[in-house]
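Input: a single structure, listed below in structure tokens.
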Number of protein chains: 2
Amino acid sequence: MTHTHELAPHAGASDALRAAGLRVTEPRVAVYEALGALPHASADAVHAAVSERMPRASLQSVYNALGDFTDAGLVRRIEPAGHAMLFELRIGDNHHHLVCTSCGAVQDVDCAVGHAPCLHPSDAHGFTLTSAEVTYWGLCPACASVAA
Amino acid sequence: MTHTHELAPHAGASDALRAAGLRVTEPRVAVYEALGALPHASADAVHAAVSERMPRASLQSVYNALGDFTDAGLVRRIEPAGHAMLFELRIGDNHHHLVCTSCGAVQDVDCAVGHAPCLHPSDAHGFTLTSAEVTYWGLCPACASVAA
DNA sequence: TTAGTTGCAAAGGCTTTGCACGCGC
DNA sequence: GCGCGTGCAAAGCCTTTGCAACTAA
């Protein structure tokens, strides 16, 4: 093989993309890495991060990449009511989310029950389930103190 | 009056509104009753139902009523990703939702675990929790058969 | 080369906001 | 009568869609 196999910092992202059957493009790598740095980022936040190193990257490309990642199972999409949707790298563990109804802040949290039994309904009613999501609504410490 | 039929839905709605500390107005009663007839209705669906008996009712009033109901704890709001938000009367039982990622259909379902332990996170991280929500994503029977 | 992606632009849908009039209390 | 809620209208935000040019494989 004639390819130069250099050890680029983008290697992790590229590998992940390839493994998921996605073409490796600069915007996608940038989006993937931005997600790694931002735990719960909105499409806009990702775009802002990507833009720092790639001024020409469009918001639509970010949406596109995020959508592709989600379809490929690389990313998990969460939707805080009343706020823009957020994305996070799917890291395998089945954690849930604490969402502030005031500012939209999101905090990861483990389920109280051991092996996430919440992820299996008693009756699927014929549905073909693909994923489950548990969300806790409330006020984050900052917003709670302001409200009080 | 002559409520020889079944129940008098108006009385129930009025009582519920008063009990919640809300003024009893025609649009609100109409919205409340529409919710009783429609298990999981979107603001638009509620508006359509309300309009049948109240042509002048505005969509904004419906949103307003729905928001007030939610704040008052009379109604529960659910947000299927990618679809308009839905509302349902809060009936006390802690059921969860099966949501079709294709058509947005929603089906009620009980949690597999007995007393809804899923509703209590292992660590609130300082958040003041007000509610919890469990959502199962997948394809409804109809969409699954079409996709297959 | 060939097909998948990007970038640019605009449209689309859902929800919220502002203000004068009317109704509930 | 007072104040909240309604109706009318418009704006706002986030997200999706369409198409020509480009780039990865």
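Proteins come first, then strands; the chains are lettered A, B, ... in the order of their sequence lines, and each starts at number 1. The figures that follow rest on heavy atoms only: side chains count, while hydrogens, waters and symmetry mates do not.
- In this structure, B:His47 atom NE2 and C:dT15 atom P are separated by 13 Å, rounded to whole Å.
- A:Thr25 contributes atom OG1, which lies 7.5 Å from atom CG of A:Leu17 (distance to the nearest 0.5 angstrom).
- Rounding to the nearest 0.5 Å gives a distance of 5.0 Å between CZ of A:Arg77 and CE of A:Met85.
- Side-chain heavy-atom separations under 4.5 angstrom define the hydrophobic clusters, and A:Leu38 shares its cluster with no other residue.
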Could you tabulate the donor-acceptor pairs under 3.5 Å formed by side-chain atoms of residues 59-72 of chain A, not counting sequence neighbours?
{"residue": "A:Ser61", "atom": "OG", "partner": "A:Ser58", "partner atom": "OG", "Å": "2.9"}
{"residue": "A:Asp68", "atom": "OD2", "partner": "A:Arg28", "partner atom": "NH2", "Å": "2.8"}
{"residue": "A:Thr70", "atom": "OG1", "partner": "A:Leu66", "partner atom": "O", "Å": "2.8"}

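- For B:His97, the ring-ring contact (aromatic ring centres under 6.0 Å, His included) partners are B:His40, B:His95, not counting sequence neighbours.
- Using a 4.0 Å cut-off between charged side-chain N and carboxylate O, B:Glu33 and B:Arg53 make a salt bridge.
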For residues 124-132 of chain B, tabulate all N or O donor-acceptor pairs below 3.5 Å that involve a side-chain atom, not counting sequence neighbours.
{"residue": "B:His125", "atom": "NE2", "partner": "A:Asp108", "partner atom": "O", "Å": "3.4"}
{"residue": "B:Thr130", "atom": "OG1", "partner": "A:Trp137", "partner atom": "O", "Å": "3.1"}

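- First and last contacting nucleotides of DNA chain D toward chain B (any atom under 4.0 angstrom from a heavy atom, 5' to 3' order): D:dG3 to D:dA10.
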Would you give me the side-chain donor-acceptor pairs under 3.5 Å for residues 100-107 of chain B, sequence neighbours excluded?
{"residue": "B:Thr101", "atom": "OG1", "partner": "B:Gly138", "partner atom": "O", "Å": "3.2"}

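- B:Leu74 and B:Val46 fall within a single hydrophobic cluster, where Ile, Leu, Val, Met, Phe, Trp and Tyr side chains are chained together by heavy-atom contacts under 4.5 Å.
- Direction change of the helix axis from one end of the helix from C:dT1-D:dA25 to C:dC25-D:dG1 to the other is 50°, with five pairs defining each end axis (rounded to 10°).
- Following chains of ILVMFWY side-chain contacts shorter than 4.5 Å, one cannot reach B:Leu89 starting from B:Ile78, and the two form parts of different hydrophobic clusters.
- Remark: C1' of C:dG4 and CZ of A:Arg18 are 14 Å apart, rounded to the nearest angstrom.
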N/O-N/O pairs, protein side and nucleotides 5-7 of chain C side, under 3.5 Å:
{"residue": "C:dT5", "atom": "OP1", "partner": "A:Arg28", "partner atom": "NH1", "Å": "3.1"}
{"residue": "C:dT5", "atom": "OP1", "partner": "A:Arg28", "partner atom": "NH2", "Å": "3.1"}
{"residue": "C:dT5", "atom": "O5'", "partner": "A:Arg28", "partner atom": "NH2", "Å": "3.0"}
{"residue": "C:dT6", "atom": "OP1", "partner": "A:Thr25", "partner atom": "OG1", "Å": "3.1"}
{"residue": "C:dG7", "atom": "OP2", "partner": "A:Ser58", "partner atom": "N", "Å": "3.4"}
{"residue": "C:dG7", "atom": "OP2", "partner": "A:Ser61", "partner atom": "OG", "Å": "2.8"}
{"residue": "C:dG7", "atom": "O5'", "partner": "A:Arg56", "partner atom": "O", "Å": "3.4"}

